[in-house]
Amino acid sequence: MNEARTIKVALLGAGSVGSQVARLLLEHADDFEQRAGARIELIGIAVRDPEAPRDVELPRELLTTDVERLILSADFVVELMGGIEPARGLITRALESGADVVTANKALLAHHGPELFDLAERVGAQLYYEAAVGGAIPIIRPLRENLAGDRIDRILGIVNGTTNYILDRMHTLGDSLEESLRIATELGYAEADPTADIEGHDAQQKAAILASIAFHTHVPVERVHCEGITGVTAAQIAEAERSGHVVKLLAICERIGEAVSARVYPALVPAAHPLASVHGGNNAIFVEAAAAGPLMFYGAGAGGVQTASAVLGDLVSGARRHVLGGPGTGESMDADLPIVDFAEIRTSYQISLAVADEPGVLASIATTFADHGVSVATFEQSPADDEGRATLVIGTHEAAEGALRGLVEALTAIPAVDRVAGVLRVEGVNR
Ligand code: NAP
């Protein structure tokens, strides 16, 4: 081992995650020195307002607004500000100055990952991002390193704790989506503006990151089809339970022949699937690999101190590399597999229709399914209400999204069909 030395760390951000990273680094400096083989010295913490009150008390002399100067004195820059700019510019400057970077910034990586990875490779620096997906759960390193000798066929991820909390509450307590969201906000599971979570954008960014690593192929976030949970109704949750399923918002990354797909939507998962038992705000990533078989990575997908664990893991392992030398692990995006158009994705569906309970309705619906090449697997009709309206829940065999889209349009045009009340895909079944 080389002579023990000091590794200088600049922390950008002291919010939920950054303040915990700073606290743990300061409290456990001796342990980290032993594990890394070098003293990990926190040389400064960039914030917007050094005087702002903070949950964690941090030495005032470490807080600074001079982020540029801080970066230039560091061996490691830990970016925990979030957002695209100035994080992107600062990480670029850090890498160009020869520093290694640790970040938890999924938005930045999903939108600008390739340019940052290219830059890191060009300048011989490392860019670590374990905390960007799944918070405390180790998933980036397992995919990049432990499973590098295997072929990943599919990933089904519950990667957003807010939406899992909401859907779980709808299942366990029978609450509406609005009520569940209100409680989630009250308890701090949802942010004041929950759009990125409930519209699926947060999961979409994570799906882009996971698919890119798993398939060694850059999957741009714009190519990840995304539907959130805002359309999920209490009636659909009840129907899911009747048919032996649980509704989960899934980030799905799939190898389809010699191509790949990444998509996000609420889906029916069989109640016996391991993902069905992921409750509350937890996350889980279910990986199907050719040789390893199914693996599940489970735990806290967010939280300041939990996420700090993943950030510090990157930091200690990066510090060890500084001490021991040797090449780092660059990104391998060389497979360059084509991305399947969403219209070609095949799954089975559960379609809920609000209809008039009158003669001939079933026949016209059955004909419409047949015309669009979607075959019916199961069928359930609720008793008609006082106004003669009933709900039909139709399960289908596998069909392409394109066919489904045409079918839904045609069903809507049938006079006796009031509306297509909902469509959920079925995932987590052998195909
Ligand atoms: P946060 O609580 O909003 O904290 C952001 C911090 O960055 C604050 O300390 C803020 O300074 C500082 N900051 C923002 N813009 C700045 C600028 N222009 N110059 C200097 N400082 C600036 O964020 P967070 O929840 O800790 O999240 C940090 C990152 O971790 C994000 O990328 C997020 O996606 C990721 N992440 C978070 C979690 C989680 O559970 N929170 C989980 C996984 C990943 P002030 O304190 O002065 O305002």
Side-chain angles (χ1 to χ4, degrees), residues 10-24 42 44-58 60 62-71 77-91 93-94 101-113 116 127-140 157-165 184 187-197 201-206 208-210 221 251 281-283 285 299-315:
L11 182 57
L12 314 187
S16 309
V17 186
S19 60
Q20 294 295 335
V21 167
R23 177 181 69 78
L24 292 166
L42 182 57
I45 309 170
V47 290
R48 274 178 298 216
D49 177 7
E51 309 304 333
R54 299 184 186 278
D55 297 342
V56 175
E57 207 174 305
L58 299 171
R60 173 64 185 84
L62 287 181
L63 298 172
T64 178
T65 54
D66 192 350
V67 58
E68 305 277 341
R69 213 172 84 191
L70 182 61
I71 284 177
V77 171
V78 179
E79 185 277 308
L80 295 169
M81 299 189 315
I84 304 292
E85 292 295 353
R88 177 189 179 192
L90 294 170
I91 289 180
R93 217 139 327 136
V101 170
V102 177
T103 181
N105 195 332
K106 64 226 152 198
L108 180 61
L109 291 172
H111 289 280
H112 299 286
L116 295 173
L127 177 56
Y128 301 93
Y129 55 100
E130 182 60 67
V133 180
I137 305 170
I139 183 63
I140 304 295
I158 296 173
V159 290
N160 182 272
T162 307
T163 46
N164 199 58
Y165 177 85
L187 296 178
Y189 284 105
E191 295 187 20
D193 177 1
T195 313
D197 293 324
H201 303 143
D202 172 81
Q204 183 187 32
Q205 291 166 354
K206 291 167 179 170
I209 295 172
L210 291 175
V221 69
N282 284 308
N283 283 16
I285 297 117
V305 72
Q306 293 84 347
T307 307
S309 161
V311 171
L312 288 165
D314 278 348
L315 189 55

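Start at 1 with the first residue, then count along the sequence. If you're wondering where the values come from, they're calculated on a predicted model, not measured in any experiment. One-based numbering, in listed order, for ligands and for the atoms of each.
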Q.
Checking side-chain polar atoms at under 3.5 Å, does T64 have a donor or acceptor matched by the opposite partner on D66?
A. no
Would you call [X] and [Y] a side-chain contact if the rule is heavy atoms closer than 4.5 Å?
X: L90; Y: E68; answer: yes
X: Q205; Y: H111; answer: yes
X: I139; Y: E130; answer: yes
X: I91; Y: L12; answer: no
X: K106; Y: V133; answer: no

Counting only N and O atoms by type, is there a donor-acceptor contact under 3.5 Å from the side chain of [X] to the main-chain atoms of [Y]?
X: T162; Y: Y189; answer: yes
X: R54; Y: A14; answer: yes
X: N105; Y: I84; answer: no

Q: Please indicate whether any nitrogen or oxygen in G15 is less than 3.5 Å from any nitrogen or oxygen in ligand 1.
A: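 There is such a contact, yes.
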Q: Give yes if a backbone or side-chain nitrogen or oxygen of G304 is under 3.5 Å from a nitrogen or oxygen of ligand 1, and no if not.
A: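 Among all N and O atoms of G304, none is under 3.5 Å from an N or O of ligand 1.
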Does the residue [X] have a heavy-atom contact with ligand 1, meaning some pair of atoms that are separated by less than 4.0 Å?
X: A52; value: no
X: D49; value: yes
X: R54; value: yes

Taking the minimum heavy-atom distance to [atom], which of [options] ranks first?
atom: atom 16 (C) of ligand 1; options: E79, Q20, R48; value: R48
atom: atom 22 (C) of ligand 1; options: K106, E51, Q205, M81; value: M81
atom: atom 18 (N) of ligand 1; options: A46, A308, S16, P86; value: P86
atom: atom 35 (C) of ligand 1; options: G161, G303, A300, A104; value: A104

Identify, for [atom], the protein heavy atom at the shortest distance, and state residue, atom and that distance.
atom: atom 20 (C) of ligand 1; answer: V47 C, 3.4 Å
atom: atom 26 (O) of ligand 1; answer: V17 N, 2.9 Å
atom: atom 31 (C) of ligand 1; answer: G82 CA, 3.6 Å
atom: atom 42 (C) of ligand 1; answer: T307 OG1, 3.2 Å
atom: atom 28 (C) of ligand 1; answer: L80 O, 3.3 Å
atom: atom 12 (C) of ligand 1; answer: G13 CA, 3.8 Å

Distance under 4.0 Å to a non-hydrogen atom of [X]: what atoms of ligand 1 satisfy this?
X: A302; answer: 40 (O)
X: A131; answer: 43 (C), 44 (C)
X: A14; answer: 6 (C), 8 (C), 9 (O)

Q.
Taking the basic N atoms (NZ, or NE/NH1/NH2) and the acidic carboxylate oxygens, is any pair closer than 4.0 Å for E57 and R23?
A.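 No.
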Q | Pair V21-L42, side-chain contact (heavy atoms from CB on, under 4.5 Å): steps then yes or no | A | CA-CA 10 Å; V21 167; L42 182 57; over 6 Å; no
Q: Calculate, to the nearest 0.5 Å, the distance between atoms OG1 and CG belonging to T307 and L80 respectively.
A: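 The OG1 atom of T307 sits 9.0 Å away from the CG atom of L80.
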Q: Determine if the distance from atom 3 (O) of ligand 1 to the closest protein heavy atom is below 4.0 Å.
A: no
